[in-house]
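Below, read A as the first sequence line, B as the second, and so on, with proteins coming before strands; counting in each chain starts at 1.
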Number of protein chains: 2
Amino acid sequence: MRSNFRTSGQSDDEPTITEAARRAQILQHAIDVVADLGYAGASLNRIAEHAGISKGLISYHFAGKSDLLKAIVQEVYRRGIGFLYERAEAGEPATAGAALKSYLEGHLAFIGSHAREVGAVVEVVRNLRDAEGRLVYNNAWDAESYGELMRIFEAGQASGEFREFDPRVMAISVRRVIDGFTFQVMGFPDIDVAAFTAEVVALFDHATTPRERS
Amino acid sequence: MRSNFRTSGQSDDEPTITEAARRAQILQHAIDVVADLGYAGASLNRIAEHAGISKGLISYHFAGKSDLLKAIVQEVYRRGIGFLYERAEAGEPATAGAALKSYLEGHLAFIGSHAREVGAVVEVVRNLRDAEGRLVYNNAWDAESYGELMRIFEAGQASGEFREFDPRVMAISVRRVIDGFTFQVMGFPDIDVAAFTAEVVALFDHATTPRERS
DNA sequence: TACAGTTCTGACCATGCGGTCAAATTTTCG
DNA sequence: CGAAAATTTGACCGCATGGTCAGAACTGTA
């Protein structure tokens, strides 16, 4: 019998077709339930019921609930990276301003077309705690996501394209506005994604560039 | 025996000294527990234990858990309004830009000095759901908080002080950045509140005003 | 077909939850 | 003081939770 204590990450031989398909199915239903019922409402029983399987089967494919929830985060990130990668194939932006614009448009487009997945991730990230009560995805963790933005800002400031500001505060602000878009889309599914994106791009274009034209 | 089914709001005679004090005590401990352990970790048992009282006593003073959590939100709002009111006594800002600056400085100062309370409120607002699974503090609810900001923006645009932008998107962005400050303060208690505030004020000053000087 | 490995179920477990309540305690006040 | 009212406790209830497990069902293969 194979170990049912598989931790995602290390490859123990290779997963069966069944195993991979079942994991994907469970993951998708878990995403749906978290998006619909929120973190607190997403019990293993409800996920199993939603997927039409028994609860024990989830335990067979995932080491525990927190393992499943972490897999949600990992999976949606994987999708997001794929989405942004395809978009980026058009070529590298030439200026820091173009890079910021591309960053915003890419992320907002992904959220606009994958609101439920991203909503589920936000739910998990904001609520999942370890046994000692500490947030698993803490400040140190999301500080990592500021890296790409901060590099854009520092490059723009070095070239004189951007005004002087604290790149960390600006990065935090950009991430907050992007993440907030998730709630807008979930709350108002008919929202005009393109119009919202254009507004946000203009907002941060003005926020980052000096008032006097160079 | 007095009804223990008091709903906050309608005054049923007047509360006893004991009642008011006990309610305040329970509320404060509830805030602490939610801030420390998060929404999911804040059970009535833990709150009672933290307060050094029996769980039944909470039920005596509050109609239920959701009543208690809603009271947290109400109480912290009350404190926030008081804080901002005292600050505003210095006089009304003359321009829309000054009003926005004052709004940001006031809200960030309150968060900087009451991070735990605000953190608890955010936790409740983001998680509390009714029996049907719908968020109690939904999009329609927090849209109310955009009102004051949108009035500032519309006034600034009417006078030509602000550039043309969607006041709703700008209001959402401002609120998102302000709320995000809560997590920064909770994650890094030694953060320089004044410096962060100055950066945010500059960010939205640039974001709202036209590039060409009038 | 027979058998070994796997996938899957459904019953079960201990725990913690929100909530209730009779009884004990404390306070109020005539 | 003494009775009535307010306050508080601690035991208890039904329920949902995450997790476990023996065994049934399925699958591939020799």
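Not one side-chain nitrogen or oxygen of A:Arg22 sits closer than 4.0 Å to the OP1 or OP2 atom of C:dT6. The side chain of A:Arg46 contributes no N or O atom lying less than 4.0 Å from OP1 or OP2 of D:dA16. Residue A:Asn45 places none of its side-chain N or O atoms closer than 4.0 Å to OP1 or OP2 of D:dA16. Phosphate proximity of C:dC17 to B:Ser43: present, with a side-chain N or O under 4.0 Å from OP1 or OP2.
If you take CD1 of B:Ile58 and P of C:dC17, they are 12 Å apart, rounded to a whole angstrom. Here C:dA23 presents its C1' atom at 15 Å from OH of B:Tyr60, a figure rounded to the nearest Å. Between B:Ile47 atom CD1 and C:dC17 atom C1' there is a gap of 12 Å when expressed in whole angstrom units. Protein atom CD of A:Glu49 is 13 Å distant from nucleotide atom P of D:dG18, rounded to whole Å. Between the C1' atom of C:dT26 and the CD1 atom of B:Ile53 lies a distance of 16 Å, rounded to the nearest Å. Nucleotide D:dA16 holds its P atom 14 Å from the CG atom of A:Leu37, rounded to whole Å.
For A:Lys101 and A:Asp205, the salt-bridge test fails: no basic side-chain N is under 4.0 Å from an acidic carboxylate O. Using a cutoff of 4.0 Å between basic side-chain nitrogens and carboxylate oxygens, B:Arg78 and B:Glu75 are scored as salt-bridged.
Nearest-nucleotide positions on DNA chain D place B:Gly52 closer to the 5' end than the other of A:Gly64 and B:Gly52. Nearest-nucleotide positions on DNA chain D place B:Ser54 closer to the 5' end than the other of B:Ser54 and A:Lys65.
Nearest to the side-chain atoms of B:Ser59 among the listed nucleotides C:dT20, C:dG10, D:dT8 stands C:dT20. Of the candidate nucleotides C:dG18, D:dG18, D:dT9, C:dG18 has the atom lying nearest to any side-chain atom of B:Leu44. The listed nucleotides are D:dT8, C:dT7, C:dT9; the one nearest the side chain of B:Leu57 is D:dT8.
At a cut-off of 3.5 angstrom, counting only N and O atoms as typed in the model, there is a donor on one side and an acceptor on the other between the side-chain of B:Lys55 and the base of C:dG19.
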message = I'd like to know whether B:Arg168 forms a side-chain contact (heavy atoms from CB on, under 4.5 Å) with B:Met150, so could you lay out the CA-CA distance, the side-chain angles of the two residues, the decisive distance to 0.1 Å, and finally the verdict.
response = CA-CA 6 Å; B:Arg168 162 156 269 107; B:Met150 288 182 63; 4.0 Å; yes

Audit row: B:Arg175, B:Asp142, salt bridge (Lys or Arg N to Asp or Glu O under 4.0 Å) steps and yes/no = CA-CA 10 Å; B:Arg175 288 293 341 164; B:Asp142 65 33; over 6 Å; no

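Side chain to side chain, B:His206 and A:His206 fail the donor-acceptor criterion of an N or O pair below 3.5 Å.
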